[in-house]
2 protein chains.
Amino acid sequence: MTGHQTRSSQTRAERKEQTRRALLDGTLQLSADRGLSNVSLREIARSADIVPTAFYRHFASIDQLGLTLVDDGMRALRVMLREARRTPGGANGQASVEILSKHVRANRQLFQFLYRERYGGSVEVRRAIDTELRFIVGELTIDLSRTPGLQNWETEDLEMAADLIVSAMQEAMVAFLSAAKSDARAEDEIVERTRKQMRLILLGIGQWRPKQRQD
Amino acid sequence: MTGHQTRSSQTRAERKEQTRRALLDGTLQLSADRGLSNVSLREIARSADIVPTAFYRHFASIDQLGLTLVDDGMRALRVMLREARRTPGGANGQASVEILSKHVRANRQLFQFLYRERYGGSVEVRRAIDTELRFIVGELTIDLSRTPGLQNWETEDLEMAADLIVSAMQEAMVAFLSAAKSDARAEDEIVERTRKQMRLILLGIGQWRPKQRQD
DNA sequence: CTTTTCAGTGCACGCCCGTACACTGAACAA
DNA sequence: TTGTTCAGTGTACGGGCGTGCACTGAAAAG
């Protein structure tokens, strides 16, 4: 009631933030089974109970809102990766698959948004996602370079392996999200298959001869 | 000029087929950088130089047209796979990467359509693509089961390996299509990386112990 | 108390959309 | 020659869209 600070306001900004979140959540909901590009500004506004033109008080365009969602999704992804990295054998091992499944369940819509827009989104959204994804491959490459036995690998080869791991993980994520929401059996199968794939890749890495050449 | 057959007509059906192809080609063009769902029926009709309502003489809906494009794309994909299969070591080896790159270059838009709609398309289109893709994994599984040294693998494990190979190949395809149309250096890098990934997977397969268990 | 800020309102506009409907005219069958 | 088929036409409609513009009224600032 009595605002006596020289700094920022309170109730006013709170309400704005609330609407902003409603816009983001509503958009996530609406785009879940159609993609962002098939959602209209008016629909989004409706979902947040504001009039269409008020949308512009929060975002300059739907695309800008999309980029914010990409940020949110990537943040969730980084949280997941951090957990995987501090888990024993997490970054390349089998434990990471369970971590993936856990986080996917907790962030369904956000992750779905990411993989859907990665291929189907606008040019800007696609580029934003690809950039972040490349960054992730880079981090995994560094992780691998510190793994015992891989210190003398060439960066190119490390990147190649990291890329393969990320590809498999992404496919697992997509499979997860395609499975019915509470089909535990299907989820278990995906986990099992992906675990094996990780093991297969690790076996391959163990056999790799760093400077090998082919004609 | 003189049509004297009891069977089908000639010039009439030809013109229809011509328009049909114009519709398919135009749609492929229009959806290349926006996705099928962002293309309007009117645009498609315009691209084929017909009036909007005439569209329905050929397809019941844009979705139906999309399914036809999925068929076309899958046909191209099967042609590619057939070539890979009859090439020595093609199905899992490194030669298959070159075959992939060749066919992708020859069918850019069709393949782009496939991977874009696989995640971003309508429910029906997505299902059609996924079904076909699963079929391909199945065929590769059979190929693997005939490979010397893998005869006593369990089907589940073979499928797991086939799935990983297909994932890597798909990622390579996407990378190809994302690379600028005439960036030979980028394409070479992708080929090289994917080749190595195939080699890595093969090494992993070589080390695989069929009945291995983990806690 | 007075003034300023600004999230949200309400209306109006022009645009493109899908599609219903009645039609035309050339290719074809008889 | 005559009648039928049917790919393509042209008009018209109602509806959703993005957005420009003038506004309101409560919260914040002074």
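Keep in mind it's a predicted model, so treat the numbers as computed, not measured. Throughout, a chain's letter reflects where its sequence line sits, starting with A, and its residues are numbered from 1.
dA26(C) atom C1' lies 15 Å from atom CD of Glu14(B), rounded to whole Å. Here dC6(C) presents its C1' atom at 14 Å from CD1 of Ile50(A), a figure rounded to the nearest Å. Counting to the nearest Å, the C1' atom of dG16(D) and the CG atom of Asn38(B) are 16 Å from each other. Regarding Asp49(A), its CG atom lies at a distance of 13 Å from the C1' atom of dT9(C), rounded to whole Å. What separates CD1 of Ile44(A) from P of dG8(C) is a distance of 15 Å, to the nearest Å. With rounding to whole Å, Arg15(A) atom CZ is found 11 Å from dA26(D) atom P. Protein atom NZ of Lys16(A) is 8 Å distant from nucleotide atom P of dC6(C), rounded to whole Å. Following rounding to the nearest Å, Glu17(B) (CD) and dA7(D) (C1') show an atom-to-atom distance of 14 Å.
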What string of B, S and - do you get for nucleotides 13-25 of chain C 5' to 3' if you count protein non-hydrogen atoms under 4.0 Å? ----BBBBB----

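A salt bridge links Arg118(B) to Glu171(A): at least one charged side-chain nitrogen sits closer than 4.0 Å to a carboxylate oxygen. Between Glu192(A) and Arg195(A), at least one side-chain N (NZ, or NE/NH1/NH2) sits under 4.0 Å from a carboxylate O, which counts as a salt bridge. Salt-bridge formation is detected for the pair Lys196(A)/Glu156(B): a Lys NZ or Arg NE/NH1/NH2 atom is positioned less than 4.0 Å from an Asp or Glu carboxylate oxygen.
Considering CD1 of Ile136(A) and OG1 of Thr141(A), their distance stands at 11.5 Å, rounded to 0.5 Å.
Screening residues 102-114 of chain B for side-chain hydrogen bond (donor to acceptor under 3.5 Å, both in side chains), with sequence neighbours left out, gives Glu83(B)-Lys102(B), Glu83(B)-His103(B), Ser101(B)-Arg105(B), Arg105(B)-Glu187(B).
Taking the six-membered ring for Trp and thresholds of 30 and 60 degrees, Tyr119(A) and Tyr119(B) have nearly parallel ring planes, at less than 30 degrees apart.
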